[in-house]
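Numbering of ligands and ligand atoms starts at 1, following listing order.
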Amino acid sequence: MKQYQLILNAIILVMAFTACGNSPKKVEKKPNLVYVFPDQMRKQAMNFWNDPEFKGAIRTEADPVKTPQLDKFAKESLVLTNAVSNCPLCSPHRGSLFTGLYPGSSGVPLNCNADRPVSSLREDAMCISDVLSSEGYNLAYFGKWHLDFPTPNDPVNPGNYVDPRRPAWDTYSPKEKRHGFDYWYSYGTWDVHKDPHYYDTDGRRFDPKEWSPKHEADMVISYLKNDHGQRDTDKPFALFVSMNPPHNPYNSLDDCLVEDYNLYKEIPINELLHRKNADTEMEKAQSAPFYFANVTGVDREFGRIVEQLKAMGEYDNTIVVFSADHGETMTSQGVKDAKNNIFTEAFEVPFLIRWPQMALARIDNLLLGTPDIMPTILGLMGFEDKIPTEVQGNNYSKAFNNEQGALRPSAALYIKNVNGNKNEDGLVTDYFPIARGIKTHQYTLELTINRDYQLKGTRLYNDDVDPYQLNNLSVDKNDPIVEHLLAELASELKRSNDPWYQNKVLADWINYKK
Ligand code: CA
């Protein structure tokens with residue numbers, strides 16, 4: 001009897017194997033995507049750079065900040081040391097992130113507000129969310145969007161702007177402007193961190209009266225758990241979480257949680273801002289403990305989202321990215337503006353990505369730019385052939401996978417635009433491309449022009465020997481190093497069809513013909 005059973009089992013096993021062999025190749029489960037990007041979080045504001053495995057990966061000291069969740073996440077991620085926000089400002093960064101286009105092509109060359117009809121995400125642009133939606137994904141957006149020209153379309157107060165300020169900055173993005181996001185819990189831009197508001201998928205407004213990253217993480221976790229049937233569990237999901245903090249103001253406990261502030265409040269300002277280029281005499285220096293408190297709080301909320309993915313068994317089938325809009329100078333170089341400049345504290349961003357199907361636990365100096373993110377992620381997800389043809393960024397998924405001979409950039413473009421002309425109503429009708437620059441692995445070069453398109457100023461830093469960018473080198477266009485940098489700049493301006501290339505700006509400096 002026993003023997004008979006053994007034979008029967010063997011027959012069943014053989015049949016099972018045969019069935020497997022005849023069946024079509026097993027279809028791999030589509031990966032999910034969770035992309036978390038706080039606003040003014042500089043690359044240096046992560047503690048793991050101080051850990052032995054990362055020591056020396058970036059040229060300067062890291063900030064004395066506590067980021068235990070990111071420290072853990074970094075150890076199992078691909079960590080980029082040289083990712084940049086090419087146009088380090090809210091709306092232009094976001095336009096490039098979603099479209100894979102530079103700000104001159106995405107429709108978003110300037111920060112969006114009601115005085116700037118010239119800057120609004122192109123409705124006809126094919127965004128990463130449009131692509132993934134058409135590939136059968138559930139798409140969800142949480143937090144700050146800041147990509148649309150505000151109009152008086154308050155869904156709660158018809159005929160009015162949602163923002164009482166003039167010009168209005170905050171806005172409501174109606175369904176037809178959401179680019180494939182089928183779940184929405186978002187707003188335009190609003191900086192009262194403990195009194196945020198959100199519009200949901202159907203335009204209902206919520207004022208939760210709590211610190212925004214905490215609330216957004218709660219909403220993300222609820223979405224992942226599908227508490228209220230927010231998503232179709234048969235579909236993979238792709239979600240973007242745009243936490244506003246760290247973002248000014250950072251002045252008081254109105255801006256962060258007390259438990260996080262307590263970690264920094266006793267530390268002298270010059271120890272918190274220990275970068276050699278920091279000006280601790282600036283009034284802004286008093287913001288340091290609040291800034292780092294915001295970073296620590298965001299770190300915790302990011303960790304909660306990761307824990308939820310683990311709890312539901314989706315962590316290893318989810319591409320998880322942590323990055324930022326742009327950095328924060330926080331008194332470095334003595335500049336007041338947190339962003340919109342080429343200094344490393346503003347221009348460089350965190351970029352950590354984890355997906356077990358990639359070569360992980362790795363540090364890479366890839367000069368990733370914002371328009372590269374969309375095609376690279378689509379490439380990783382297996383949608384290389386769905387990358388829209390007009391995309392200007394490059395697909396670096398092979399470099400992410402650490403493949404031999406993969407395409408790698410030699411330079412990253414820097415872009416600064418300001419308002420151009422205004423019409424009789426005071427509305428900005430075009431933009432002025434006031435500065436362009438280039439960053440290589442060793443150098444940073446910036447050229448600024450006046451309104452007559454003449455050279456007004458230069459910056460040149462040898463970041464290898466001067467990582468705090470304290471020594472602005474003189475720029476001689478016949479110097480071979482400068483010649484090389486100008487050639488890199490010309491190539492990037494041409495490739496991105498930048499207005500400098502279109503108008504051959506500073507043609508006596510930049511050889512556009514090559
Ligand atoms: Ca921003």
Using 4.0 Å as the upper bound for N to carboxylate O, is an ion pair formed by K214 and D218?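 Result for this pair is yes, salt bridge flagged.
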
Fill in: SB check D39 R94 (cutoff 4.0 Å)
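A salt bridge links D39 with R94.
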
| Aromatic contact, F322 with F302 (centres under 6.0 Å) | yes

* Check D325 and report its N/O/S atom nearest to the Ca ion (ligand 1), by atom name. =>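 So the atom name we want here is OD2.
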
| said: To make sure I understand the geometry: which N, O or S atom in D39 is closest to the Ca ion (ligand 1)? | reply: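 That would be atom OD1.
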
Checklist entry - Counting backbone and side-chain atoms alike, does H93 have an N/O/S atom under 3.0 Å from the Ca ion (ligand 1)? => result no

* Is C90 close enough that one of its N/O/S atoms sits under 3.0 Å from the Ca ion (ligand 1)? -> yes

Between N421 and D430, is any side-chain donor less than 3.5 angstrom from a side-chain acceptor?
->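 Yes.
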
